[in-house]
Amino acid sequence: STFGAHDSAAAAYNGYMYISGGQWGAVRPNNEIYRAVINSDGSLGTWSLLGTMPEGLQDHKMVIARNPSGTGATVYLIGGLADRGGGEVAISEVRHAPVLTDGTLGAWNTGPSLDLRAHGHDVAIVNNKMYKYGGGSGGAGINIVEYATINADGSLTGDGSNSWIRGPNQNLPVNRAYYIAGGPYPAWDVAGTGITPNKVYAVGGEDDSACVPTTTPPINTNLNTVFVAIPQPTGEITSWSTTTPLPEGRLDHSVNLIKDSLLVIGGMNRPPYTSNTCPWHDATAKDTVFTARLNQNGNILNWYDGPALPA
């Protein structure tokens, strides 16, 4: 495409970078998937059209993970915004397709739906469970966490009603968590670090629950919290704990777990609201990269500023 994109989703797998959907010029949301070769020096080759999704999506999540059987991989599309004739709406659909040996994609299948439709959320994979947390649903931020089991062939299993599973104490310990980020997905390489990769991280986001008439402005909706959970063997999360917070609140950012470091890249920070009705206003894009080392328990030691993103 000759258009720039935003609110798209990207994932890397087996020497390729994939990007799907988003707003491309006047096309919103778009249903195309592109890929580019990742060169040996980390640069990317030319983007080429790989195929299409079942419908146009933006503000969704795309994950590519090796199948638990050890053979093959699967690409997943989780939630997002879709145009279904009356404007963009958050959806609950979860689709998946096999990644073929040449890096192309097989036929799309529909898996268990999210229990609550969502966009602006994130996804983590731990112990063959896929977790979706936070995001927005119908215009309001949510703190809901739900999960599905990844089967040997990459398909998903939810509950008896073919939905993702929600536990009684599973939700994030904030009122709302819009445009949150976290991980790990699809696999966290901790070789040689002594860290056990059994934790789910949820970082930053936006909580506008203070935007009510009884609150006195200014109202800061940016979250700098970092939550950590260890799922039970059954998949359920029974509690979240907090670790060292970010130096500054972030929303719509990216989180990456690399060896024994957690990186928070870019994102936005919304200026405080001066009215308790919180009329929407633009957030400021950030070029900062926060980096933190993890101890062997997986907790954050200290945050420091890494090299800034290019202007």
Side-chain angles (χ1 to χ4, degrees), residues 9-18 38 40 42 61-76 78 99 121-134 145 147-152 154 156 170 172 180-205 225-247 250 253-267 289-307:
Y13 176 74
N14 201 27
Y16 290 100
M17 178 66 72
Y18 298 78
I38 302 174
S40 58
K61 199 69 190 176
M62 178 172 70
V63 178
I64 303 177
R66 293 189 182 277
N67 297 333
S69 66
T71 302
T74 301
V75 57
Y76 303 89
I78 302 106
V99 181
H121 51 286
D122 211 343
V123 170
I125 294 177
V126 173
N127 295 332
N128 296 331
K129 307 290 184 184
M130 184 179 294
Y131 296 86
K132 170 266 159 193
Y133 44 94
V145 180
Y147 70 92
T149 298
I150 305 174
N151 300 316
L156 299 174
Q170 202 159 269
L172 294 166
I180 195 169
Y185 62 88
W188 179 16
D189 178 11
V190 294
T193 66
I195 297 173
T196 301
N198 63 346
K199 297 176 175 63
V200 176
Y201 294 82
V203 182
T225 45
V226 180
F227 298 115
V228 185
I230 301 177
Q232 300 297 309
T234 57
E236 184 177 348
I237 291 174
T238 56
S239 65
W240 291 87
S241 60
T242 57
T243 184
T244 308
L246 293 171
R250 282 290 180 273
H253 50 298
S254 172
V255 168
N256 289 274
L257 287 152
I258 302 174
K259 291 294 186 181
D260 61 350
S261 294
L262 190 152
L263 282 72
V264 176
I265 302 170
V289 178
F290 296 130
T291 304
R293 295 286 298 275
L294 304 175
N295 62 21
Q296 290 193 353
N297 293 323
N299 292 318
I300 293 171
L301 299 175
N302 290 295
W303 290 99
Y304 62 91
D305 288 349

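Nothing fancy with the numbering, it's 1 onward along the sequence.
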Original post:
Okay, side chain of Y201, backbone of G298: is any donor-acceptor separation there less than 3.5 Å?
Top reply: yes

Subject >> Closest contact, heavy atoms only, G134 versus L172 >> reply: N-CD1, 4.1 Å

**OP:** Identify the two heavy atoms, one from A202 and one from I180, that lie closest to each other, and give their separation to 0.1 Å.
**Re:** CB-CD1, 3.8 Å

Original post:
Quick one: which of N302, L262, D260 gives a side-chain contact (heavy atoms from CB on, under 4.5 Å) with R293?
Top reply: D260

**OP:** Give the intermediate values and the outcome of side chain to side chain contact (heavy atoms under 4.5 Å, CB included) for residues Y13 and V75.
**Re:** CA-CA 10 Å; Y13 176 74; V75 57; over 6 Å; no

Original post:
With side chains defined as the heavy atoms from C-beta onward, is the minimum distance between V228 and W240 less than 4.5 Å?
Top reply: no

**OP:** Taking the side chain as every heavy atom from C-beta outward, state whether V226 and T244 have any pair of such atoms under 4.5 Å apart.
**Re:** no

Original post:
Should W303 and V264 count as side-chain neighbours, where that means a heavy-atom distance under 4.5 Å?
Top reply: yes

Original post:
Within the side chain of K199, is there an N or O that forms a donor-acceptor pair under 3.5 Å with the backbone of N297?
Top reply: yes

Subject >> Criterion side chain to side chain contact (heavy atoms under 4.5 Å, CB included) on T242 and F227, from CA distance to verdict >> reply: CA-CA 5 Å; T242 57; F227 298 115; 3.4 Å; yes

**OP:** State whether the side chain of D189 and the backbone N or O of A191 hold a donor-acceptor pair below 3.5 Å, judged by distance alone.
**Re:** yes

**OP:** Mind checking the CD-OH spacing from Q170 to Y131? Nearest 0.5 Å is all I need.
**Re:** 7.0 Å

**OP:** Please check if the side chain of T193 supplies one atom and the backbone of I195 the other of a donor-acceptor pair under 3.5 Å.
**Re:** yes

Subject >> I300 side chain near L294 side chain, heavy-atom distance below 4.5 Å >> reply: yes

Original post:
Within a strict 4.5 Å, meaning less than it, do heavy atoms of the Y18 and V99 side chains meet?
Top reply: yes

**OP:** Taking the side chain as every heavy atom from C-beta outward, state whether T238 and Q232 have any pair of such atoms under 4.5 Å apart.
**Re:** yes

Original post:
How long is the span from the CD1 atom in I265 to the CZ atom in F290, to the nearest 0.5 Å?
Top reply: 12.0 Å

Subject >> Closest non-hydrogen atom pair, P197 against V190 >> reply: CD-CG2, 3.7 Å

Original post:
Counting N and O atoms only, with roles assigned by atom type, does the side chain of N151 sit under 3.5 Å from a partner on the main chain of G154, one being a donor and the other an acceptor?
Top reply: no

Original post:
Can you name the nearest heavy-atom pair linking N67 to A152, along with the distance?
Top reply: CB-O, 3.3 Å

Subject >> Expected output: side-chain N127 to main-chain K129 donor-acceptor under 3.5 Å >> reply: no

Original post:
Is a side-chain N or O of N299 found less than 3.5 angstrom from the main chain of T243, in a donor-acceptor match?
Top reply: no

Subject >> Interatomic distance, H121 atom NE2 to Y133 atom OH [nearest 0.5 angstrom] >> reply: 10.5 Å

Original post:
What's the shortest heavy-atom distance between V200 and P184, and which atoms?
Top reply: CA-CD, 4.4 Å

Original post:
What pair of heavy atoms forms the shortest contact from G183 to L257, and how long is it?
Top reply: C-CD1, 3.9 Å

